[in-house]
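Here the structure comes first, spelled out in structure tokens, and everything after it is commentary.
As the structure is a prediction and not an experimental result, all values here were calculated from the model. Throughout, numbering of the chain's residues begins at 1 and tracks the sequence.
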Amino acid sequence: MADPKGFMTTQREEWRRRPVEERVRDWDEVYVPGALLPIISRQADRCMDCGVPFCHDACPLGNLIPEWNDLVSREDWRAASDRLHATNNFPEFTGRLCPAPCEAGCVLAINQPAVTIKNVECAIADQAWAEGFTVPMPPERLSGRTVAVIGSGPTGLAAAQQLTRAGHTVAVYEKDDRLGGLMRYGIPAFKMEKHHLERRLEQMRAEGTKFRTSVTVGRDVGAAELRARYDAVVIATGATAWRELEVPGRELEGIHQAMEYLPLANRVCEGDLAESPMSAAGKHVVIVGGGDTGADCLGTAVRERAASVTQLDIYAQPGAERDEDLEPWPTYPKVYRLSAAHEEARDLETAPAADADARLFAASTLHFAGDGSGHVRSLHLVEVDAARRPVPESGRTLPVDMVLLALGFSGPDRADGLLDQLAVATEPRGTISRDAGFATNVPGVFAAGDAARGQSLIVWAIAEGRAVAAAVDRYLTGSSQLPAPISPYDRPMVV
């Protein structure tokens, strides 16, 4: 604990964002380059080095937060990097993309603004790369065992890196032409530039992990054939089966799923397309869904110069402070948060009729209406109460040229035949069934990440990848020294 009084003398200060008018003209990350380092040591000083650090439990990775806060406050970046990477394979991803449940569990957050844990984590990761601390860690010897990992999202990559470092020969199969899963084509570049991903992939290649892109297991290669070729298989395909909105007018043109829209914008940033064939430019856009995916659509549509963008959230607008009766510390509270995309929409006034920034809260879609050519032209909605019952005489109509559905995901997509070919058992909600050791009903086949857990956060995805790697290592060798931060049955802290 470098400064015992730091939490009393230093105010919380976060990584500054670039001016809205500047950042919406490009796809670069929203933060001011270089603005984090000058403040981060003082921010780390705010950590109280609690006797019982609840931030550990709030983070499924079990990050050693007080330890690396202390090291950062002393500017010992190498040691901080070692402690951070001891529990997290990809801290530059989580430092940018995670909503930071660790900060909700910070003891300081009981009555003060929490320590900027997420910013400290990101600073350590970036400094480790800048100073050359992050190097390949190939195994000293090979085990002679082979593992196929299906899916190259954070779960698949974490599992592959852990198993490769344990000495197994690992091949990662990815259906897209580039690696990264949703981090590549789902997460916009303004939230995480793709060079962070490329850098980690190069590290993994140098360690010995093999990658097979543009290969859909179940279609391009038979799932049973793949199982016969490898000693173990890890299914980490994610939850890509999107939820539908079953209302009249859904069949009209101009209504798209978020994950039909976002990948095209990312491909423009990758240089594959001059412009997106689904661009929001000049259109009145309504996003149905109030989560992070909806916010990603919002920021993307703003950058594509939409005529207007409105986001519908079925929940009531939350308050600015935690409700101690309903969501006591250290649970992750539902409070009003202003993401970079919402800040942009607010300042640019993209949705004049919205309750706050671009959002209409407590709003439920009733139906769509179109023109004579079958294209959507209006969205009819109604205000709902806490039980999602319509409020009388609250109906309204929004003009719309494009609708984006961001309603979440129910489980893995079965269209490729992977699960059916292996005869993998699934839960009623569509996720893959597994036992306490991450094993499916098929010998040698394991499941991890959103495909088995259901839609979750990136920290849970990486924790699942690390834990399933330990399970596979134990299956192949009889024992394992790899860390297993969670079990398949662990869940976030809730009331």
Contacts of H367 that satisfy ring pair (Phe, Tyr, Trp, His ring centres under 6.0 Å) - sequence neighbours left out: H380
When rounded to the nearest 0.5 Å, the distance separating CG of L381 from CD1 of I314 is 11.0 Å
Quick one: CD on E13 to OG1 on T116, what's the gap to the nearest 0.5 Å? 9.0 Å
For residues 287-302, which side-chain N or O atoms pair as donor and acceptor with protein atoms under 3.5 Å away, sequence neighbours left out?
residue	atom	partner	partner atom	Å
D296	OD1	K191	NZ	3.0
T300	OG1	D296	O	2.8

If I take atom CG from residue N266 and atom NZ from residue K194, how far apart are they, to the nearest 0.5 angstrom? 4.5 Å
Looking at R165, is its backbone amide N or carbonyl O close enough to the side chain of E207 to form a donor-acceptor pair, meaning the two atoms are under 3.5 Å apart? no
Which atom names give the shortest non-hydrogen contact between E29 and M192, and what distance separates them? OE2-CA, 3.5 Å
Any side-chain to backbone donor/acceptor pair from R359 onto H342? Under 3.5 Å, distance only. no
Under a 4.0 Å N-O cut-off, is there an ion pair linking K118 with E14? no
Given the rule in the side-chain contact (heavy atoms from CB on, under 4.5 Å) test, do E260 and W242 qualify, once you have shown the distances and angles that lead to the verdict? CA-CA 10 Å; E260 294 175 309; W242 52 59; 3.7 Å; yes
Can you run down the ring-ring contact (aromatic ring centres under 6.0 Å, His included) pairs that involve residues 29-50, sequence neighbours left out, and say none if there aren't any? W15-Y31
Please assess R78 against D82 for the test salt bridge (charged side-chain N to carboxylate O under 4.0 Å, His left out), listing each intermediate value before the final yes or no. CA-CA 6 Å; R78 181 181 289 276; D82 290 343; 5.9 Å; no
N-O pairing of D272 and R178 below 4.0 Å: yes
Which residues share a salt bridge (charged side-chain N to carboxylate O under 4.0 Å, His left out) with D385, sequence neighbours left out: R389
Minimum heavy-atom distance between S456 and D450, given as atom pair plus value: N-OD1, 3.5 Å
Looking only at side-chain N and O atoms, does E383 offer a donor or acceptor that is under 3.5 Å from a partner on S394? no
Contact summary for I65 and H56, nearest pair of heavy atoms: N-NE2, 3.6 Å
Rounded to the nearest 0.5 Å, what's the gap from CG on D490 to CE on M493? Could you check? 12.0 Å
Using distance alone, with no hydrogens and no angle criterion, decide if T397 and S378 have a side-chain donor and acceptor under 3.5 Å apart. no
E121 and T94: side-chain donor and acceptor closer than 3.5 Å? yes
Is it true that the side chains of N89 and Q161 contain a donor and an acceptor less than 3.5 Å apart? yes
Applying salt bridge (charged side-chain N to carboxylate O under 4.0 Å, His left out), name anything that partners E67, two or more places apart in sequence or on another chain. R83
R303 and E344: salt bridge (charged side-chain N to carboxylate O under 4.0 Å, His left out), yes or no, with the steps? CA-CA 10 Å; R303 283 162 177 76; E344 292 157 6; 2.9 Å; yes
Could you measure the distance from the CZ atom of R200 to the CG atom of L157? Nearest 0.5 Å is fine. 10.5 Å
How far does CZ of R18 sit from CG of D26, to the nearest 0.5 angstrom? 4.0 Å
Under 3.5 Å, is there a donor-acceptor pair linking the side chains of E131 and W77? no
With side-chain contact (heavy atoms from CB on, under 4.5 Å) as the test, would you mind laying out the steps for T213 and D177 before giving the verdict? CA-CA 5 Å; T213 56; D177 58 340; 5.7 Å; no
Residues S276 and V268: closest non-hydrogen pair is N-CG2, 3.5 Å
Salt bridge (charged side-chain N to carboxylate O under 4.0 Å, His left out) filter on E327, not counting sequence neighbours, yields none
Do Q317 side-chain atoms and A362 backbone N/O form a donor-acceptor pair below 3.5 Å? no
Shortest non-hydrogen contact between I117 and C106, atoms and distance: CD1-CB, 4.5 Å
Quick check: closest heavy atoms across L179 and R184, and the distance to 0.1 Å? O-NE, 2.8 Å
